[in-house]
Amino acid sequence: AQDKGGGNDDKGFTAGLVTDTGGLNDESFNQTAWAGMKKAEKDLDVGIKALESKRDSEFVPNLTKFARENRDLIWGVGFKFEKAIPDVADQFKNNHFGIVDSNLGGKIPDNVVAVTFKEEEGSFLMGVIAGSMTKTNKVGFIGGVTSPLIKKFESGFTAGVRAANPKAEVKRVYAESFTDGAKGRSLASNLYNDGTDIIYHAAGGVGKGLFDEVKTRKKGKYWAIGVDMDQSRLAPDHTLSSMVKRVDVAVYDIMKEHKEGKFPGGKEVKLGLEDNGVTYADTTKKHVPEKVLKKVDEYRQQIIDGKIKVPATEAELKKFKP
Amino acid sequence: MIETLTNILQTTVLYATPLILTAMGGLFSERSGVVNIGLEGLMTIGAFTAAVTTLITHNPWIGLMAAMVAGILFAVPHAVASITFKADQVVSGVAINFLALGISVYLVKHLYEGAGQTPLIKDALHRLPIPGLDQIPVIGPAFFNAYPTTYLAILIVFVSYLVLYRTPFGMRLRAVGEHPRAAETTGVNVFRMRYAAVLISGALAGIGGAGLSIAIGSEFNQSTVAGQGFIALAALIFGKWHPFGALGASTFFGFAVALALTGQIFGLTAYVPSEVLSMLPYILTILALAGFVGRAEAPASIGKPYETGGR
Amino acid sequence: MQVLSKINKQSSFLTSLISVFLGLLVGAVMMMVAGYDPILAYTALFQSAFYQPYDIGETIRTITPLILTGLAVGLAFRTGLFNIGVEGQFIIGQLVAVIVALKLDLPPGLHAAVCVLAGAAGGALWAFLPGLLKAKRGVHEVITTIMLNFVALYASNAVIRVWLTSGADSTEKIPSSASIRWDAISQLFGNSRIHLGIVIALLAAFIMYYLLWRTTYGFELRAVGYNPLASEYAGMNVDRNVILSMMISGTFAGLAGASELLGTSGYLAIQGAYTGIGFDGIAVALLGANSPVGIILAASLFGILTYGGSSMEFAAGVPFEVIRVVFAAIILFVAANIVRWYMQRRKRKKVQQTNEKAVKTDD
Amino acid sequence: MNVVEMKGITKRFPGIVANDSIDLTVKKGEIHALLGENGAGKSTLMNILFGLYQPDEGEIRINERKAEITGPTVAGELGIGMVHQHFMLVDPFTVTENIILGAEPTRRGLVDRAKAEREVQEISDRYGLQVDPRARIRDISVGMQQRVEILKTLYRGADILIFDEPTAVLGPQEIDELCEIMKNLVQEGKTIIFITHKLKEIMRICDAVTIIRRGKHIGTVQTAETNENRLASMMVGREVTFDVDKKKAESGETVLEVRNLYVSDSRNVDAVRGLNLEVRAGEIVGLAGVDGNGQSELLEAITGLKKARKGHIFLHGKEITNQKPRAVTRSGVGHIPEDRHRRGLVLDFSIGENMVLQTYNQKPFAKGLTLRYPKIYEYATKLIKEFDVRTPDVHTPARALSGGNQQKGIIAREVDRDPEFLIAAQPTRGLDVGAIEFIHRRLIEQRDKGKAVLLMSLELDEIRKLSDRIAIIYEGQIAGWVDPATATEEEIGLLMAGSQSGAEVTP
Ligand SMILES: Nc1ncnc2c1ncn2[C@@H]1O[C@H](COP(=O)(O)OP(=O)(O)OP(=O)(O)O)[C@@H](O)[C@H]1O
Ligand SMILES: Nc1ncnc2c1ncn2[C@@H]1O[C@H](COP(=O)(O)OP(=O)(O)OP(=O)(O)O)[C@@H](O)[C@H]1O
Ligand SMILES: [Mg+2]
Ligand SMILES: [Mg+2]
């Protein structure tokens with residue numbers, strides 16, 4: 001039933017993917033990364049394999065396993081790998097590694113590439129949608145565990161709302177968990193009861209609670225916005241949009257470059273709106289009116305053109321003037 | 001203000017429901033003298049079974065029934081080990097927790113192509129408003145527009161009370177937990193009573209778990225239960241092994257969670273880290289225990305395997 | 001007449017061995033039912049746990065914290081307490097160790113020692129509260145420790161985010177002066193992350209043995225665990241012993257956290273969920289019959305299954321969770337003591353004749 | 001008619017034959033005593049009759065019909081009821097609940113409390129067993145608990161009643177009451193099998209006695225044709241002397257002095273109220289009284305196990321009020337506690353470890369923090385030999401010893417520490433005459449060595465036999481002092497019941 005061990009190892013070029021504790025089918029970045037790997041297997045004839053980590057302490061042995069198999073490119077998906085990747089990369093200087101969602105604090109070894117996304121930019125667009133469409137002038141944000149990564153989503157989103165609708169208020173709450181769906185649901189319910197009509201989340205499994213809640217509410221009045229993948233199928237009639245992170249594209253592209261001998265070692269590959277690394281889901285047009293979509297695209301262009309610098313931290317948000 | 005109160009009550013009820021059901025399960029088992037650390041696992045298996053059955057049959061009520069049956073089935077090893085084989089009850093309960101999580105995640109992966117969670121359940125249980133009553137301000141939305149599992153939970157509390165304190169079965173069950181030999185000399189079959197009690201605990205914890213996957217949530221994954229079985233156990237002890245006590249303790253805990261969540265909505269996080277708000281329910285529980293509740297009297301024979309005189 | 005209710009009386013080695021075998025059998029059946037190849041899976045499991053020096057090193061690293069959390073749970077059990085809070089004490093041990101590692105500047109060796117001790121003290125203090133509440137207010141330690149686990153998790157996250165970093169996901173790496181990794185040994189085991197924690201763990205096992213069965217403190221701790229009223233009559237301070245026992249248990253848990261941090265990870269990250277090492281300690285202690293040697297053996301088994309289990313998933317495609325089932329089955333078999341039960345049934349038939357003889361030779 | 005006939009009953013436990021081909025025949029309407037030392041096999045035989053154990057061999061006939069008693073339910077159907085040696089009562093339940101347990105009257109599936117209470121009241125009135133149907137077991141006296149046990153059997157319509165050592169836990173007043181009850185029952189057509197270690201009781205109310213020794217049937221005799229001495233020697237297998245030879249006391253200075261002491265009980269009510277007491281060197285002071293008059297609280301206050309609310313306790317003139325138990329022990333107090341299982345022993349420790357329960361951290365048993373087990377076991381071996389504690393070895397868990405031997409162990413431990421002041425609370429409860437004799441001798445020995453001894457017992461005989469002076473405790477005060485040599489049982493009984501001439505009340 002498992003396809004993760006099924007990769008073909010006889011290929012000339014091989015790659016490995018180590019997941020964090022979310023596992024391969026986390027409906028989030030692990031899963032999208034694996035999708036990119038599978039595309040590479042098909043299109044680029046890459047031998048692929050994946051290892052799921054049960055605990056944080058397994059990152060290192062799992063990466064090491066691949067390194068000892070001499071795989072050409074070894075991926076660690078998630079910012080949690082930011083200590084493990086440099087460690088193992090240092091030991092296996094002849095192998096190449098990739099990390100997603102962290103720039104390793106700027107100290108990137110030569111045999112490592114760091115892929116990061118400008119989540120704030122994508123989230124900004126979600127903010128524009130929410131700000132434009134709120135009827136109550138109250139929108140909500142549910143975060144997972146308070147951390148700089150999630151703060152990027154929060155800051156970008158808030159800035160987007162403010163840009164589109166200065167009168168709107170953004171209620172921001174955290175579940176302090178990435179798994180507690182019930183808590184996500186309660187937070188969502190509380191926010192909606194409080195007058196919020198659109199909620200964006202960056203909270204992994206907690207976000208499922210948001211969709212569970214919004215589904216039970218009046219269509220056309222209450223909305224949710226998804227994250228990482230197109231989440232509209234979780235509540236098709238209530239999902240305005242999703243902020244999509246193209247981890248698959250990034251993983252695929254870098255594998256391709258590496259195969260062609262152009263490994264961007266020691267570099268941070270930062271993907272934003274410009275590179276289509278972050279974007280809004282295709283299903284957005286289903287519920288978002290043309291007019292708003294146009295506005296979104298305008299903002300998108302301004303960000304790409306550098307006319308708007310989207311805040312990625314609380315401090316930058318404070319200084320942000322729409 | 002009204003909105004806030006409504007919010008707090010609704011969240012309280014939402015959180016308390018699975019705890020109440022599971023604590024009632026624990027109540028039966030522990031009142032009969034069998035410690036049940038395995039509640040967490042029984043909830044897990046209930047949540048899993050409900051999810052999968054509902055996905056297959058598209059009927060959450062069948063899912064609920066199946067969760068109950070699965071809970072009973074998984075209580076069997078605990079009963080056999082701790083009653084027939086006289087194993088240490090804590091040990092066997094811990095094993096149940098491992099077993100339930102292991103089997104359910106194993107099966108999820110096996111059934112759904114290696115996914116860590118079930119697909120989305122489209123036919124989950126919905127809130128069931130009681131016409132008229134649900135319009136009452138504040139309490140209406142919380143108590144009379146709740147999930148079927150909530151109504152079930154309240155019903156089960158009263159039924160549990162009746163059964164345990166008013167029927168011969170309940171009297172014998174409690175007697176077995178206090179002084180099994182005394183019960184045996186009056187012709188009560190200690191083993192049968194304890195088996196019944198442990199299986200009932202499986203049924204109720206199974207329903208409690210089902211609520212997590214097909215009412216409050218709409219999928220099953222390995223963190224669907226995430227410690228709530230342990231909190232239900234705590235609520236049972238906190239509630240001094242009494243149905244209404246456990247109801248109160250579960251509600252108290254739900255209320256503490258609700259306070260913390262509402263605090264966030266009010267923007268308290270500008271002043272205190274949100275982690276501190278998240279701790280609040282647990283700290284409040286400890287304070288309540290230390291301040292007002294104090295010593296709890298466990299059933300006298302709890303944890304002791306019974307050795308009948310005869311064969 | 002009181003019925004004997006011994007906590008999982010020291011089962012014979014044979015019983016454990018047969019139980020392990022039966023447990024693996026249960027796992028095999030599960031795999032076969034689901035269409036996997038159990039032989040392939042188990043071969044992968046055991047091979048990868050011992051395949052190369054690196055694997056052996058990593059297996060030992062996996063075992064290390066399990067011994068310590070197992071001891072923590074076991075010691076509490078021995079003194080009549082159920083410490084479900086080992087997970088929380090573990091987290092605090094990690095936290096305190098990383099704080100001292102990052103904030104203090106001390107010479108190598110000394111720095112590491114101070115960090116280890118600080119982590120141990122952190123665990124002890126975190127266990128002090130449930131001990132105190134139990135002794136003074138009669139609050140059941142099971143509730144308080146469950147609650148404090150959650151508090152520890154959130155507290156650790158808050159401290160990392162607000163104090164140790166300016167809002168980052170994880171702390172800096174600890175300076176090498178605070179590390180308990182020993183390069184020479186690490187190289188011996190193929191550069192694995194084996195570290196001195198294993199020495200600490202074995203030492204702790206010996207300390208548990210010596211403390212409980214060879215010292216006057218241990219005499220008191222055990223007496224209070226078995227019969228608080230008689231202990232009070234004999235002049236022992238029951239409250240103090242309850243608190244002390246929780247604190248020693250917490251010390252072991254804190255040591256587990258500290259050694260995991262200073263030896264294995266070297267940093268502390270914000271966590272959305274428990275590590276599970278503390279809860280695994282409960283299973284380890286119970287399987288090890290709460291005895292130091294038993295705990296070392298049980299932790300080793302658990303460690304091998306855990307580390308090798310990942311590779312099994314890798315090689316045979318079998319979901320790792322089957323390992324949890326195997327482990328649960330082993331615990332059940334050992335607890336129910338099926339072997340002893342079977343032998344007793346056979347013995348009971350012989351009792352008759354034996355007794356008649358015994359009576360004739362009786363004075 | 002023979003209501004009970006047990007023939008050739010054999011019951012083996014691992015390592016022992018508890019009943020070795022025992023015969024027992026009981027006639028309708030008689031009170032039949034079962035006599036034997038501790039561990040002789042009496043309870044086992046009765047448990048077989050009651051269906052708790054299955055005999056390995058032998059035959060049982062009830063009402064002249066062969067019976068297969070596979071469980072208590074079957075016994076109940078055959079009209080057999082049993083009042084167990086250790087009460088089979090559920091503490092948090094009410095009297096009524098305990099009585100109806102397993103045979104509950106119901107209405108629409110629920111327990112019919114009103115009806116049950118009515119029935120209980122009726123039966124208790126009929127047989128003169130006064131109980132409060134609604135009281136909780138944990139709140140009522142031992143005597144009443146026993147009546148509840150009896151009611152339990154009557155409620156189930158038992159005609160054959162087994163009483164296993166019912167008097168061991170009762171005071172003299174309650175014993176009298178119980179004897180009345182038993183006579184009543186027999187008059188109502190019931191048959192009674194009565195286990196006791198007290199020969200006087202047998203002679204007083206029983207018609208016949210069956211004696212067993214080490215699991216074997218020794219004989220059955222009519223009380224009218226025997227006497228206490230003959231019974232005792234049949235039971236033990238040798239001559240037993242009942243009189244303790246005791247020299248006149250040579251009492252010296254005051255060792256213990258209690259002044260105006262107040263102690264509250266677990267419910268925070270004063271159980272000891274302004275009590276004064278004095279025990280001198282070289283004397284045994286007997287503390288007589290009906291259970292629950294503050295005896296336990298007094299002893300616990302002296303030994304530091306309970307806080308005194310007011311008043312003073314002096315030992316050799318030095319104040320020890322509210323000191324920690326350890327300090328009290330160290331200042332020279334020995335204590336044989338009332339409840340050996342709860343207080344006296346750590347049942348899961350070896351008997352050897354129990355021998356040093358207070359002294360484990362002193363030389364030579366410990367050196368610094370390290371225990372020296374060789375020394376501990378050496379010492380324990382010596383004590384075990386000296387005090388004739390029957391145990392396979394010092395490593396045997398205390399739990400595995402019989403009650404008598406457990407008690408001997410405690411006495412060995414307390415006496416060997418050579419305390420200036422020894423408290424002995426119920427030192428012989430439930431023990432056979434052999435063991436009692438031994439323990440009595442030890443207590444007198446202590447006295448003769450010039451130690452002060454305070455003996456608390458619910459058994460008046462024991463108090464009278466051993467004491468040099470008797471203090472009667474009533475409602476938390478010493479109601480009066482009497483001289484055992486001259487006082488009559490009536491006098492003491494009156495004082496214990498609280499009715500006395502005003503002159504005798506201590507100010
Ligand atoms: N359940 C049991 N398992 C093993 N041995 C037992 C059991 N019950 C009793 N015995 C043994 O059988 C013997 C008889 O015990 P029994 O309780 O019948 O004695 P008894 O005459 O009632 O003594 P006592 O006067 O102390 O009540 C004892 O030696 C005891 O060790
Ligand atoms: N299940 C058992 N296993 C082993 N020995 C037993 C068991 N039950 C009872 N015994 C033994 O039976 C003997 C008599 O038991 P009994 O309950 O009559 O106690 P006892 O000696 O009368 O003491 P006490 O009356 O103070 O409890 C004791 O030696 C006791 O250890
Ligand atoms: Mg007996
Ligand atoms: Mg006895």
Side-chain angles (χ1 to χ4, degrees), chain B residues 27 30-33 86 88 158-194 196-197 239-243 245 294-311, chain D residues 11 13 18 43-44 46-48 50-56 69-77 80-94 96-113 116 137-138 145 148-149 152-153 155-156 158 162 164:
Chain B
L27 179 70
E30 303 218 335
R31 271 288 171 193
S32 83
K86 299 170 185 42
D88 185 85
F158 283 94
V159 171
S160 299
Y161 174 78
L162 268 186
V163 168
L164 281 174
Y165 290 88
R166 292 280 178 265
T167 66
F169 173 81
M171 241 179 77
R172 294 173 185 189
L173 190 145
R174 284 184 298 128
V176 160
E178 294 288 341
H179 195 332
R181 186 149 295 249
E184 188 180 33
T185 56
T186 63
V188 175
N189 187 325
V190 178
F191 292 131
R192 213 177 291 162
M193 290 312 299
R194 287 194 169 174
K240 302 198 169 182
W241 287 274
H242 192 280
R295 221 164 279 271
E297 287 276 319
S301 289
I302 195 162
K304 296 179 192 143
Y306 184 66
E307 197 103 38
T308 187
R311 229 153 296 177
Chain D
K11 175 72 187 172
F13 290 118
S43 298
T44 305
M46 290 303 103
N47 283 337
I48 289 173
F50 189 57
L52 281 174
Y53 295 159
Q54 302 306 310
D56 296 323
I69 309 175
T70 49
T73 325
V74 179
E77 283 160 9
I80 303 171
M82 179 159 174
V83 174
H84 296 266
Q85 183 171 356
H86 305 274
F87 289 160
M88 299 288 176
L89 295 174
V90 182
D91 260 8
F93 279 25
T94 65
T96 304
E97 285 171 333
N98 267 286
I99 292 172
I100 63 174
L101 182 65
E104 308 84 355
T106 56
R107 234 181 86 200
R108 286 196 230 113
L110 301 185
V111 176
D112 190 344
R113 262 162 219 254
I137 295 296
R138 61 164 155 240
Q145 291 184 8
V148 174
E149 283 279 30
K152 247 164 91 176
T153 63
Y155 179 83
R156 277 146 234 269
I162 305 165
D164 193 352

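Numbers restart at 1 for each chain; the letters A, B, ... are given by sequence-line order, proteins then strands. Source: prediction; values computed, not measured.
Considering only heavy atoms from C-beta on, D/Glu97 stays 4.5 Å or farther from D/Glu104 through its side chain.
Heavy-atom distances place the backbone of D/Ala103, and not its side chain, under 4.5 Å from chain B. For B/Phe169, no part sits under 4.5 Å from any heavy atom of chain D, backbone or side chain. Contact of D/Leu89 with chain B is made through the backbone alone, with heavy-atom distances under 4.5 Å. For a residue to count as touching a neighbouring chain, one of its non-hydrogen atoms must lie under 4.5 Å from one of that chain's; by this rule D/Pro92 touches chain B with the side chain only.
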Ring pair (Phe, Tyr, Trp, His ring centres under 6.0 Å) for B/Tyr165 and B/His242? Distances and angles first, verdict last. CA-CA 10 Å; B/Tyr165 290 88; B/His242 192 280; 5.1 Å; yes
Would you sort out whether B/Val188 and B/Met193 count as a side chain to side chain contact (heavy atoms under 4.5 Å, CB included), showing the intermediate values? CA-CA 8 Å; B/Val188 175; B/Met193 290 312 299; 3.6 Å; yes
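Between chain B and the options D/Thr73, D/Leu101, D/Val90, heavy-atom pairs under 4.5 Å are most frequent for D/Leu101. Ranking B/Pro299, B/Ser301, B/Gly187 against chain D, the residue ahead of the rest is B/Gly187, based on heavy-atom pairs under 4.5 Å.
A cation-pi arrangement is present between D/Lys11 and D/Tyr53 under the rule of less than 6.0 angstrom and at most 45 degrees off the ring axis.
Note: D/His84 and D/Phe50 have perpendicular aromatic rings, judged against thresholds of 30 and 60 degrees for the angle between ring planes.
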